[in-house]
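Quick notes on the structure that follows.
Since this is a predicted model, take the numbers as computed values, not measurements.
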Amino acid sequence: AVQAGFPNLLTVDVGGTSVLTSTGNTDLKADAQVTTTVKPGGIPAVPLPADAAVAIATINSTSTVKLGGSTQVNAGGALNLSATNQVTAETVADATSGGSAAVGGTVAVTVLNSVTRASIEDAARTSSTSLNVSADSKNTVTNTAKAAAEGATKQTAAQSAANPSE
């Protein structure tokens, strides 16, 4: 069994009474990228009549850009606030390497908490030739759970007709 946690926190927070001044473009950017692979490993011991595999990944990824408080931004060009958050997670629980066990259990779980935010809040003020505020999130999660060779069988048509809920 493997359980892994992946925290990721990326924040740009301009607040209070801050003053930002530039003669050109002003870019405030938070770009979070997380890639995880969780796979139980190890050497199979003595073959047993049962086999199991468990893999659990917990991922917390936050990417935020915020102008707040009474901040003043004076940009001679464009003001760009951008938050991106990209998570790619693969969680694999594979009980097939233990041989042809007749019974077993396999569980693969990924818990993903993804927060992506770009904002102008409170009494913050801006002066610029243009204002661009964007938040982009892309999350790809792949879970795979493979049972032991004899721990799962395909249901026949007759079994399916007799037990439609299975």
Side-chain angles (χ1 to χ4, degrees), residues 1-15 26-68 78-122 124 131-166:
V2 170
Q3 183 168 358
F6 303 93
N8 185 43
L9 175 63
L10 186 58
T11 300
V12 175
D13 188 351
V14 182
T26 302
D27 298 317
L28 300 175
K29 181 176 182 177
D31 184 10
Q33 296 184 16
V34 177
T35 301
T36 66
T37 301
V38 175
K39 295 180 182 181
I43 301 170
V46 179
L48 299 172
D51 202 354
V54 176
I56 301 171
T58 302
I59 303 162
N60 296 301
S61 185
T62 300
S63 179
T64 61
V65 174
K66 174 185 159 186
L67 290 179
L79 174 57
N80 303 302
L81 280 67
S82 171
T84 58
N85 196 352
Q86 182 173 334
V87 176
T88 303
E90 178 185 21
T91 305
V92 178
D94 186 349
T96 61
S97 64
S100 59
V103 296
T106 308
V107 177
V109 176
T110 302
V111 177
L112 173 59
N113 299 304
S114 177
V115 176
T116 309
R117 183 180 312 128
S119 62
I120 300 174
E121 302 177 11
D122 306 322
L131 174 63
N132 302 298
V133 180
S134 66
D136 183 33
S137 181
K138 179 180 179 186
N139 300 308
T140 305
V141 176
T142 304
N143 283 337
T144 305
K146 294 182 180 179
E150 292 183 29
T153 58
K154 184 176 180 181
Q155 194 174 43
T156 66
Q159 289 171 326
S160 179
N163 298 304
S165 64
E166 293 183 6

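- With Lys66 as the partner, the side chain to side chain contact (heavy atoms under 4.5 Å, CB included) test is satisfied by one option alone out of Asp13, Leu28, Thr11, Val12: Asp13.
- We find the OG1-CG distance between Thr64 and Leu81 to be 11.0 Å, quoted to the nearest 0.5 Å.
- Annotation: the span from Asn8 atom CG to Ser63 atom OG amounts to 8.5 Å, rounded to 0.5 Å.
- Of the listed residues (Asp31, Asp136, Thr116), just one forms a side-chain hydrogen bond (donor to acceptor under 3.5 Å, both in side chains) with Thr84, and that residue is Asp31.
- Side-chain atoms of Asn85 come within 3.5 Å of backbone atoms of Val115 as a donor-acceptor pair (strictly under, hydrogens ignored).
- In summary, the side chains of Thr88 and Thr35 do not present any donor paired with an acceptor at a separation below 3.5 Å, with no hydrogens or angles considered.
- Ser134 approaches Ala118 most closely through the heavy-atom pair O-CB, 3.3 Å.
- Taking every heavy atom of both residues into account, Ala57 and Val38 meet most closely at CB-CG2, 3.8 Å.
- Partner of Ser114 under the side chain to side chain contact (heavy atoms under 4.5 Å, CB included) criterion, out of Val141, Val34, Thr62, Asn139: Asn139 alone.
- Here the shortest heavy-atom pairing between Ala93 and Ala55 reads CB-N, 3.9 Å.
- A 4.5 Å side-chain heavy-atom check between Leu67 and Leu79 finds at least one atom pair inside the cut-off.
- Shown here for Ile59 and Ala89, the closest heavy-atom pair between the two residues is CD1-CB, 3.4 Å.
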